*Asks:* 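Mind looking over this structure? Questions follow.
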Amino acid sequence: MLIAQISDLHIRPGGQLAYGISETNLLAEHAIHALLRLNPAPDCVLVTGDLTDCGRDDEYEIVSGLLSRLPMPVYAIPGNHDRREPFRRTFRAAGYLPSAGPLNYAVRCGPVRIVALDSLVQGESHGALLPETLAFLERALAEAPEAPTLVMLHHPPFETGIGHMDRARLFDGAEELERLVRRNPQVQRVLCGHVHRSIQQLFGGTLCQIAPSVGHQVALDLHADAPSCFILEPPELLLHRLAGNRIVTHTAKIDRAPGPFPFILPDDYPGRRPDAVP
Ligand SMILES: [Fe+2]
Ligand SMILES: [Fe+2]
């Protein structure tokens, strides 16, 4: 069982660059190609928010066209750059979103349960979980206490040290989220996006993991007064693999790299040990 996670696509209207620099539409297309190249193929794909840059209808049209190229189920949640109703309209046909209220849902991917939470505060950069979202999470976790479970939401509930992103993290509901996760040891990951970097912290006794962006990354600047900057580091995706009852997570580069090359040492290799396995 393999579950891929991509995040923060920030799709723009055709021909436009994000912030005048980042070719997010092209980079998202590269991410789709990388997902299609994976062997073994993932059983489903999670998209942890900021699918669009400005929540425009023309951006949703482009992102839904891109995601529809994936043959496996795709489950998405909104980020602060999305807008709830266009998001709901765009993905309604996939059948997993509620018809009204916050975009919370629970689905199964084989033995793995995915509980998705809507942390969007419309018009704001930071996130919050409404009381009804926390009640939904409590009910959803009580329904399947034995199933290995991934909880996903866009805004991370912890400080990363990157000041300008910490001021836009999850605030209302973060403590209650941690309490619910701690009470439910079947939760093996809390998966987020938003910070455009691979970052982890223990949270409620489990691993809370922020996915890198498939587009531009947030600059690694661990000052409280760090300016809000991005950097065109190589984009990545996450692969969560269930083995037995445990999940192990890999970070994979989206761009192709030279190789793979076999670990073969010729006999005359300087420093080769005589007992080396060929
Ligand atoms: Fe983002
Ligand atoms: Fe975000």
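Note that the structure is predicted; figures quoted are calculated from it, not measured. All ligand and atom numbering here is 1-based and tracks the order in the structure.
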*Asks:* Do D58 and R12 meet the salt-bridge criterion of a basic N to acidic O distance under 4.0 Å?
*Replies:* no
*Asks:* Between the side chains of K253 and D255, is the shortest nitrogen-to-carboxylate-oxygen separation below 4.0 Å, so that they form an ion pair?
*Replies:* no
*Asks:* Please give me the protein atoms (N, O or S only) lying under 2.8 Å from the Fe ion (ligand 2), ordered by chain and number.
*Replies:*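 Only D50 OD2, N80 OD1, H154 NE2, H194 ND1 fall inside 2.8 Å of the Fe ion (ligand 2).
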*Asks:* Determine the interplanar angle of the Y19 and H216 rings, folded into 0 to 90°, and report it as parallel if under 30°, tilted if 30 to 60°, perpendicular if over 60°.
*Replies:* perpendicular
*Asks:* In terms of ring plane angle, is the pair H194 and H155 parallel, tilted or perpendicular, where the classes change at 30° and 60°?
*Replies:*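 The rings of H194 and H155 sit tilted, inter-plane angle from 30° to 60°.
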*Asks:* Classify the angle between the aromatic ring planes of Y75 and Y105 as parallel (below 30°), tilted (30 to 60°) or perpendicular (above 60°).
*Replies:*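 Geometry flag for Y105 against Y75: tilted rings.
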*Asks:* Before accepting this row, confirm whether a basic side-chain N of the pair R56/E61 lies closer than 4.0 Å to the acidic partner's carboxylate O.
*Replies:* no
